[in-house]
Amino acid sequence: MNDKIAALLNQQINKEFYSAYLYLDMSNYYDELDLDGYANYYNVQAQEERDHALLFMKYMQSIGLKVTLEAIDKPDKVYSSVLDPLVAAAEHERYVSALINAIYHECHEARDYRTLKFLDWFVDEQREEEDSADSMVNRYKLFGNDPRGLYLLDQEYAGRVYAAPSLVL
């Protein structure tokens with residue numbers, strides 16, 4: 001594996017841990033509003049992102065690459081409405097997709113087919129993540145301004161449970 005791809009993979013570990021921090025911050029925001037379902041949704045999302053980081057670590061270790069853990073930035077978003085974190089999450093998922101796509105591109109250029117195969121799961125996962133985030137924004141815009149609609153959405157998100165990723169290395 002070339003050094004550039006190894007560095008990008010290592011950077012992605014940090015980005016995934018940052019994503020977990022960001023989603024924990026969103027969970028805290030919703031908890032402060034007593035929107036326990038939304039808080040639960042983003043707490044589960046944080047668990048997923050942490051596991052994504054661990055998958056990148058495990059992959060690097062499995063092919064003999066050194067993993068270097070870097071400092072994780074503090075989330076800097078300020079929210080003033082229920083919709084704000086939803087929009088921020090959708091934007092963040094598009095950003096993460098762009099990061100994964102950039103690594104994928106470098107692997108394709110370098111003919112690193114082993115890493116391309118590993119990244120295929122993340123490409124599919126990001127499509128799902130973007131779809132879910134966009135759906136949450138759209139559903140809030142449709143129903144969230146009505147207190148009953150917000151209550152029902154919150155109840156729905158309270159039912160989300162964590163399911164560990166099924167990627168096998």
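Scope of the values below: all heavy atoms of this structure, side chains included, with no hydrogens, waters or symmetry mates.
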Quiz item: Tell me, do Arg139 and Tyr157 make a side-chain contact under 4.5 Å, heavy atoms counted?
Solution: yes
Quiz item: Would you say the side-chain atoms of Tyr29 and Lys77 include a donor-acceptor pair closer than 3.5 Å?
Solution: no
Quiz prompt | Side-chain H-bond candidate by donor/acceptor type, Arg94 with Gln126, under 3.5 Å | solution = no
Quiz item: Above 12 or not: heavy atoms from other molecules or residues under 6.0 Å from CG of Asp3?
Solution: no
Quiz item: Can Val78 be reached from Val87 by stepping across I, L, V, M, F, W or Y side chains whose heavy atoms are under 4.5 Å apart?
Solution: no
Practice problem: Would you mind checking if Glu48 and Arg160 are paired as a salt bridge, meaning a charged N to carboxylate O distance below 4.0 Å? | Solution: yes
Exercise. State which residue, out of His52, His92, Gln45, fulfils the side-chain hydrogen bond (donor to acceptor under 3.5 Å, both in side chains) condition with Glu129.
Key: Gln45
Practice problem: Establish, from distance only, whether the side-chain atoms of Thr115 and Tyr59 form a donor-acceptor pair under 3.5 Å. | Solution: yes
Quiz item: If we only count heavy atoms from C-beta on, is the Tyr140 to Val82 side-chain gap below 4.5 Å?
Solution: yes
Quiz item: If you count the non-hydrogen atoms of other residues, nucleotides and ligands that lie under 6.0 Å from OH in Tyr79, is the total more than 12?
Solution: yes
Exercise. Identify the heavy atoms of Ala90 and Asp134 that sit nearest to each other, and give their distance.
Key: CB-OD1, 3.6 Å
Quiz item: Do Val96 and Phe122 have side-chain heavy atoms sitting under 4.5 Å apart?
Solution: no
Quiz item: How far apart are the C-alpha atoms of Ser62 and Phe118, what are their side-chain angles, what is the distance that settles it, and do they pass the side-chain contact (heavy atoms from CB on, under 4.5 Å) test?
Solution: CA-CA 12 Å; Ser62 76; Phe118 167 73; over 6 Å; no
Exercise. Indicate the atoms forming the closest heavy-atom contact of Leu99 with Lys15, along with that distance.
Key: CD1-CG, 3.8 Å
Quiz item: Do Phe143 and Leu153 come close enough that some side-chain heavy atom pair is under 4.5 Å?
Solution: yes
Self-check item: Closest non-hydrogen atom pair between Ile100 and Val123, with its separation
Solution: CG2-CG2, 4.0 Å
Exercise. Kindly determine whether Glu128 and Asp131 satisfy side-chain contact (heavy atoms from CB on, under 4.5 Å), including the steps that lead there.
Key: CA-CA 5 Å; Glu128 292 175 18; Asp131 288 349; 5.7 Å; no
Quiz item: With no hydrogens and no angle check, do the side chains of Asn138 and Ser135 hold a donor and an acceptor under 3.5 Å apart?
Solution: no
Exercise. Please report the shortest heavy-atom distance between Asn10 and Val67, naming the atom on each side.
Key: OD1-CA, 3.3 Å
Quiz item: Given Trp121 and Leu55, is the side-chain contact (heavy atoms from CB on, under 4.5 Å) satisfied, shown in steps?
Solution: CA-CA 11 Å; Trp121 184 88; Leu55 286 170; 4.1 Å; yes
Quiz item: Can you tell me if Tyr30 and Asp154 form a side-chain donor-acceptor pair at under 3.5 Å?
Solution: no
Quiz item: Quick check: does any side chain N or O of Asn14 sit under 3.5 Å from a backbone N or O of Ala71, one acting as donor and the other as acceptor?
Solution: yes
Self-check item: Salt bridge flag under 4.0 Å for residues Glu106 and Lys4
Solution: yes
Quiz item: Is the shortest heavy-atom distance from the side chain of Gln11 to the side chain of Leu8 under 4.5 Å?
Solution: yes
Quiz item: Which pair of heavy atoms, one from Ala6 and one from Leu65, lies closest together, and at what distance?
Solution: CB-CD1, 4.1 Å
Quiz item: Quick one: are Arg50 and Phe17 in side-chain contact, heavy atoms under 4.5 Å?
Solution: yes
Self-check item: Closest non-hydrogen atom pair between Ala89 and Tyr42, with its separation
Solution: CB-OH, 3.6 Å
Practice problem: Kindly indicate whether the side chain of Tyr38, heavy atoms from C-beta on, has any atom under 4.5 Å from the side chain of Leu86. | Solution: yes
Quiz item: Are Tyr95 and Ser19 side-chain neighbours, meaning at least one heavy-atom pair lies under 4.5 Å?
Solution: no
Exercise. Might you work through the side-chain contact (heavy atoms from CB on, under 4.5 Å) test for Glu49 and Tyr23, ending with a clear yes or no?
Key: CA-CA 9 Å; Glu49 301 303 337; Tyr23 290 133; 3.6 Å; yes
Quiz item: If you group Ile, Leu, Val, Met, Phe, Trp and Tyr by side-chain heavy-atom gaps below 4.5 Å, do Leu152 and Leu142 land in one group?
Solution: no
